[in-house]
Amino acid sequence: MNHIKAIISKELKNYFNSPLAYIFISIFLVIANWLFFTNFFLQNQASMRNYFAFLPWIFLFLIPAITMRLWAEEKKLNTTELLFTWPIKDYEAVLGKFLASLLFLAITLVASLSVPITISFLGQLDWGIVIASYLGALFLGASFLAIGLFVSSLTDNQIIAFIIAIALSFIAFIIGENLVLYVLPDSLVSLFQFLGLGAHFNSISRGVLDSRDIIYYISIIAFFLYLNTRQIENRKWK
Amino acid sequence: MIQVENLTKKFEGFTAIDNISFEIKPGEIIGLLGPNGAGKTTTLRILTSYFNPSLGKIKYDELDIIDNTIKIQQKIGYLPENNPLYEEMKVKEYLNYAGQMHDIPKTELKEKVNKATEICDLKSKQNQVIGKLSKGFKQRVGLAQALIHDPEILILDEPTEGLDPNQRIEIRDLIKKIGQAKTVILSSHVLSEVEATCDRVLIINQGKIIASGTPDELKKQATSQTKIFIKIEGPLEKINETLKKTEGVERIISAKKEANLVDIVLETDSTLDLRKKLVHLIINNGWELYEISRQEKSLEDIFVNLTKKI
């Protein structure tokens, strides 16, 4: 546990010691607010439904930027040779890095709370739905983070890690969206809808906290973190 | 005590280490010597459990490295090849991190970090970002990292690589100082390095141990030949032929004429000292002798011989 804590604090410091963190948070807030407020006054409703409809797409392109560095840089600089010859378990390193990126995402989401606070001044906002949506966003984001972290462990090139992570996250997201579901045979629709990352987010952000959705996200995260650990152990047997 | 038995490591398509066995006693300073690509780094990576062996066994005091990886890693301080560091961190921050990863309790962490910075003479740099330090100081940070938990065993992969001669001497002295109470395994392709610091040397080439022993033993083993340098005034060809025929001379390495002096290097049987005989021979022929000297083979020559033959 101490190892994981040490890794989390090292990686978090690393985020905030470089301009990346501030650029990331600014870009995230600008895009999310702009996309939301362009329509907000036309609709004349104190609701964040549109905001959370955009969110997965913003995550898709921005979250890989959080994770691309985490393994690729260590592999490039060979610091993995330090990390894995220190007396720690491989999974501790994976978990530490994942939790650090998750905390960073959580900080970004907290910074975006300015949106619901602004809206609550303008009208009656249903905070229950907003909180559920933020929780859903955290789970969805965590899944993208797990995917991005795994992809980062496959390469020593951050740009490649970024692009492949977008591609893989895109596939995991799009298979459950209407775009794909329309062309599938009826028998497969419910399966793909279940597998896609988006549908569960939609049901959570309607305010329905179903244990199936939460278990789904936790399994996706666990699956990619497991692959990540295996990928790292793989160096030993090559 | 470290025991390595029939260690083999195969990568896709080639064998990096081919069935090597050796033992290291507590307190020894061992040098792994070999040309680049001989398998030194792979051996050290297996000893630190970064890689697993393809075949063979490694035991640290009866603990097998596959079953007790973490326990063994706790005993080891490791400086990897090319000294990788988290360059964005500050020296002190990094040593704290390394200390936490080695399970040093919070109450002792500060003291241990201070001790390591002191031993490695890093006090003045402790609040600087590692990436901005000079190569010599980076090397010290790498060593401080390896020492932070006061390990029984130190494994150093080319610790003086890329340093200038003064820094080399400093790091070498540092290793000697630290090595008094520890088992040290270090690798190098520089002979003088190993000769200066190590109690015992293993020469590795193409994944095999081709010689081992103390530096002195290795010299004795391989000095079956001695070189003699001569400068004579006289006719080149005739001198060349006469010397070639002399008993005990195995070959003439080089013979050239510069101004009016003939410069000759001979290789001879090391059991005989041919200098006296050669002096007589030269004087009897009526040539003028300017210089004659004898040189035993250096470890350098042995190394070149051993690693080229195969």
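So you know, we letter chains A, B, ... as the sequences are listed, proteins then strands, and number each from 1.
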Assess the pair A/F104 and A/F24: is the distance between their ring centroids shorter than 6.0 Å? yes

Does the separation of the ring centres of A/Y134 and A/F52 fall below 6.0 angstrom?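 Centroid separation for A/Y134 and A/F52: below 6.0 Å.
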
Interface moiety of B/L85 toward chain A, non-hydrogen atoms closer than 4.5 Å: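 For B/L85, the contact with chain A is made by the backbone alone.
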
Please check if any side-chain donor atom of B/Y86 sits under 3.5 Å from a side-chain acceptor atom of A/E74, or the reverse. yes

Do you know which of A/L77, A/N14, A/L82 has the most heavy-atom pairs with chain B at a distance under 4.5 angstrom? A/L82

Has the side chain of [X] got a donor or acceptor atom that lies under 3.5 Å from a matching backbone atom of [Y]?
| X | Y | value |
| --- | --- | --- |
| A/E81 | A/N78 | no |
| A/Y216 | A/G196 | yes |
| B/T183 | B/E28 | no |

Between [options], which has the largest tally of heavy atom pairs under 4.5 Å with chain A?
| options | value |
| --- | --- |
| B/R45, B/K106, B/E12 | B/R45 |
| B/Y50, B/F51, B/Y78, B/F11 | B/Y50 |
| B/E88, B/M101, B/E87 | B/M101 |
| B/K71, B/K10, B/Q74 | B/Q74 |
| B/S54, B/A98, B/G142, B/P53 | B/A98 |

Quick check on A/S18 against chain B: is it the side chain, the backbone, both or neither that has a heavy atom closer than 4.5 Å? neither

Can you say whether A/K13 sits under 4.5 Å from chain B via the side chain, the backbone, both, or neither, judging by heavy atoms? side chain

Quick one: does NZ or CZ of A/R212 land under 6.0 Å from the six-membered ring centre of A/F194, within 45 degrees of the ring axis? no

